[in-house]
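As the structure is a computational prediction, the values presented were derived from the model and not from experiment. In what follows, every chain begins at residue 1, and chains take the letters A, B, ... in the order their sequences are listed.
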Amino acid sequence: MRDQPNSVDLLEWYDHHARVMPWRVGPAERAAGIAPDPYRVWLSEIMLQQTTVAAVKDYFLRFTTRWPTVSALADAEDADVMAEWAGLGYYARARNLLKCARVVANEMQGKFPANYEDLLKLPGIGPYTAGAVSAIAFDRPSTVVDGNVERVMARLFDVHTPLPAAKPELTDFATRLTPTDRPGDYAQAVMDLGATICSPRNPACGICPWREPCKARDSGTAADLPKKTPKKPKPVRHGVVYVAKRVDGAFLLERRPDSGLLGGMLGWPGSPWQEGEIPPHSRPIRAEWKTLSGEARHTFTHFHLRLTIKTALVPMDRSPDTGFFVEKTAFSPSDLPTAMRKAFDLYSKS
DNA sequence: AAGGCGGGGTT
DNA sequence: AACCCAGCCTT
C-alpha cells in the first residue's frame, strides 16, 4: 500500500528549498524565534492575489519603505496609494487595502486579528488570504488554498473534476493534510512546491518530495491536471481618449469612479468603450483636436481594448468641461493604470 | 452561481 | 495573436 502524503516530508524539502522573498521569514529564522510582521504578511498576500511574485517585489518594497506600518498606511492619502498601486492591476485591491488598514489602525489598535474568522471579516480578505495571514503571520494551523495548492491536491489525489467545481473537494484534501506542527512553514511550503516543482506545464515529478504518494504521477496524468472549464472568448471594444497638454506642460486627467473598471484610478477623459462603433460623446475641453495614427491596445480580464488617441495643445486660460489639470511637476505616467499609460506612450512618440 | 475585475508571461 | 495563470467582490 502506497504511503499517504506526509507534511514532514514536505517541510524537510522546504527547509532546503524555501524561496527567498522580501516579505518572508524563512524556516531557519522562524526556528530561531523570529516572528513575521503581520502587516508585511498581509500586504504581500493582498498584492499576490492573482499576481506573480516577480511583479509584486518592487511594489512591496516601495510600499513598505513609504508606509512601514499599518498605521502609516491608514494615514496615507487615497490618491497616493492608488498612484503607488498603478500598474499592479485589480485596483479594488488597493481601495480595500486602505479600508482594511484604517479598520485595523483605528478599531484594532493597529493589530491584525490572528484567527481566520476575524480576518475574513476585513475588507479585501477572503478565504485564501485569511488562511495565509493566519498561518504565515501567526503560525495558526489554517488551511491555505490558492491556485498552487489546488493544482498540488488535484495531482496528489488525481482529481479529474474540472475547476471551479472541484474546489470544495480539493479544499477538503488540503485540510486533511494541514499539520498542527509548523503550520506557517507548511503553508508556504505547499505553495512553493506548486510554484516550482509542481508547476502548471512541466512538473518536475522526478525531484518532488511527494512523488511517492502522488496518484497522478502514478497514472501519468499530472501535467493534465487540474482540469478547467473552458473560458469564453474576449470581445474587442473600441474607445477614444483625449490627451490635452496645456502650454505650461500640465495634462488634463480625470479621477475614475470608485466602482467599475480601473475604479479610483487616474485616466484620460474619453468616450465609453464598447463593441462596434465608438459611441457619441463630448470632448473634455474646447480645442483643436488631432487624431493620432494607430491605436493603443490593451487586454483586460474580459475584453480587448483598442483606444484611439486625440491630442491638443490648449491655452492657459481655458477651463475644462471634464477633469482637471495636473501640473507638469506633479504628473508621472507611472501613476496611470497600464491601459492609460499605453495611451500616453503612443502620444509621447507622436 | 456567475460574472466583473489587470497584467504579465509563454507558446 | 491566442493562450495561460487566478482571489475577492457584487449581483
Applying ring-ring contact (aromatic ring centres under 6.0 Å, His included) to A/Phe173 and not counting sequence neighbours gives A/Phe157

Residue set satisfying ring-ring contact (aromatic ring centres under 6.0 Å, His included) with A/Phe60, at least two apart, ordered chain then number -> A/Trp23

Donor-acceptor contacts, no H, no angles, side chain residues 116-134 of chain A, under 3.5 Å, sequence neighbours left out:
| from | atom 1 | to | atom 2 | distance (Å) |
| --- | --- | --- | --- | --- |
| A/Asp118 | OD1 | A/Lys121 | NZ | 3.1 |
| A/Asp118 | OD2 | A/Asn115 | ND2 | 3.0 |
| A/Tyr128 | OH | A/Glu45 | OE1 | 2.6 |
| A/Thr129 | OG1 | A/Gln49 | NE2 | 2.9 |
| A/Ser134 | OG | A/Ala114 | O | 3.4 |
| A/Ser134 | OG | A/Ser142 | OG | 2.6 |

Expressed as a whole number of angstroms, how long is the span from [X]:[atom1] to [N]:[atom2]?
X	N	atom1	atom2	answer
A/Leu119	C/dC8	CG	P	12 Å
A/Glu45	C/dG7	CD	C1'	11 Å
A/Glu150	C/dA6	CD	C1'	8 Å

Quick note, side chain to side chain donor-acceptor pair (under 3.5 Å) partners involving residues 249-258 of chain A, not counting sequence neighbours, are none

Residues 190-207 of chain A vs side chain to side chain donor-acceptor pair (under 3.5 Å), sequence neighbours excluded, gives A/Arg19-A/Asp192, A/Arg24-A/Asp192

The correct set of residues in residues 153-169 of chain A placing a heavy atom under 4.0 Å from DNA chain B is none

With rounding to the closest Å, how many angstrom separate the [atom1] atoms on [N] and [M]?
N	M	atom1	value
C/dT11	B/dG6	P	15 Å
B/dT11	C/dA6	P	15 Å
C/dC5	B/dC5	P	22 Å

Expected string for nucleotides 4-11 of chain B under the B/S/- scheme (protein heavy atoms, under 4.0 Å, primed atoms plus P, OP1, OP2 as sugar-phosphate) is SBBB----

N/O donor-acceptor pairs under 3.5 Å from side chains in residues 227-239 of chain A, not counting sequence neighbours:
| from | atom 1 | to | atom 2 | distance (Å) |
| --- | --- | --- | --- | --- |
| A/Thr229 | OG1 | A/Leu163 | O | 3.3 |
| A/Lys234 | NZ | A/Thr301 | O | 2.5 |

Review point. Under 6.0 Å from the six-membered ring centre of A/Tyr59 and within 45° of its axis: does the NZ or CZ of A/Arg62 meet both?
Key: yes

So, with a heavy-atom separation below 4.0 Å from DNA chain C, the residues of residues 184-198 of chain A are none

Check your understanding: How are the rings of A/Phe251 and A/Trp268 set relative to one another: parallel (under 30°), tilted (30 to 60°) or perpendicular (over 60°)?
Key -> perpendicular

(request) Starting from the C-alpha separation in whole Å, work towards a yes-or-no answer on ring pair (Phe, Tyr, Trp, His ring centres under 6.0 Å) for A/Phe138 and A/Phe112. (result) CA-CA 10 Å; A/Phe138 298 103; A/Phe112 281 86; 7.9 Å; no

Under 3.5 Å donor-acceptor pairs involving side-chain atoms of residues 303-316 of chain A, not counting sequence neighbours:
| from | atom 1 | to | atom 2 | distance (Å) |
| --- | --- | --- | --- | --- |
| A/His304 | ND1 | A/Thr299 | OG1 | 2.9 |
| A/Lys310 | NZ | A/Thr291 | OG1 | 2.9 |

Quiz item: Within the structure shown, what part of the strands sits under 4.0 Å from A/Arg297 by heavy-atom distance: base, sugar-phosphate, or nothing?
Solution: sugar-phosphate

Residues joined to A/Ile34 in its hydrophobic cluster, side chain to side chain under 4.5 Å directly or through other members, sorted by chain and number, are A/Val25

Between the protein and nucleotides 9-11 of chain C, list the N/O to N/O atom pairs that are separated by less than 3.5 angstrom.
| from | atom 1 | to | atom 2 | distance (Å) |
| --- | --- | --- | --- | --- |
| C/dC9 | OP1 | A/Gly124 | N | 2.4 |

Report task. Find out whether A/Leu73 and A/Tyr39 are in side-chain contact, i.e. whether some heavy atom of one side chain is under 4.5 Å from a heavy atom of the other. Result -> yes

Problem set entry | Side-chain ion pair, A/Asp185 and A/Arg182, N-O less than 4.0 Å | yes

